[in-house]
Amino acid sequence: LLLGLHPSGPQSPRPGVHGSISVGLSVTKPIDEVVTELTRRGVRFRGPVVDDGPVKLAFFADADGNDLYLCETRWGGG
């Protein structure tokens, strides 16, 4: 388990407000395959997979509305 904490900035949402926390899950398969499978199982993603250079991201929420995302890195084999 790897837990990354990032400092908030002046434009960050206040604690307890939508968008103030998100949980990222690294994938070990190509993210497009994972998104396809999870969509088939009923997960609704917010927009397309985002290609941000060294990472690809796919955003969604859990049943309680907590922000989650999948992350495929292009380094380190994960």
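Only a predicted model underlies this, so the values are computations on that prediction, with no experimental measurement involved.
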**Study point:** Presence of salt bridge, Asp51 and Arg74, under 4.0 angstrom
**Key:** yes

Practice item. Return the set of residues passing side-chain hydrogen bond (donor to acceptor under 3.5 Å, both in side chains) with Arg41 (not counting sequence neighbours), or none when no residue passes. Key: Glu37

Review point. What about Leu25 and Leu57, same hydrophobic cluster or not, with Ile/Leu/Val/Met/Phe/Trp/Tyr joined at side-chain heavy-atom distances under 4.5 Å?
Key: no

Practice item. Measure the spacing between CD of Glu72 and NZ of Lys29 and express it to the nearest 0.5 Å. Key: 12.5 Å

Exercise for review: Return the set of residues passing side-chain hydrogen bond (donor to acceptor under 3.5 Å, both in side chains) with Arg14 (not counting sequence neighbours), or none when no residue passes.
Suggested key: none

Point to revise | Whether Asp52 side chain and Val55 backbone form a donor-acceptor pair below 3.5 Å | key: no

Review point. So, the side chain of Asp64 versus the backbone of Asn66: is there a donor-acceptor pair under 3.5 Å, distance only?
Key: no

Point to revise | Nearest atoms (heavy-atom pairs only) where Phe60 meets Arg46 | key: O-NH1, 3.8 Å

Review point. Would a 4.5 Å heavy-atom cut-off, applied to side chains only, mark Val50 and Phe59 as touching?
Key: yes

Check your understanding: Below 4.5 Å, heavy atoms only, C-beta onward: do Val27 and Ile31 meet side chain to side chain?
Key -> yes

Point to revise | Criterion side-chain contact (heavy atoms from CB on, under 4.5 Å) on Asp32 and Lys56, from CA distance to verdict | key: CA-CA 9 Å; Asp32 295 316; Lys56 285 184 170 182; 3.8 Å; yes

Review point. Is there side-chain contact between Val35 and Val49, with heavy atoms separated by less than 4.5 Å?
Key: yes

Point to revise | Leu70 side, atom CG; Leu38 side, atom CG - distance, nearest 0.5 Å | key: 6.0 Å

Point to revise | Ala61 versus Leu68, closest heavy-atom pair with distance | key: C-CD1, 4.2 Å

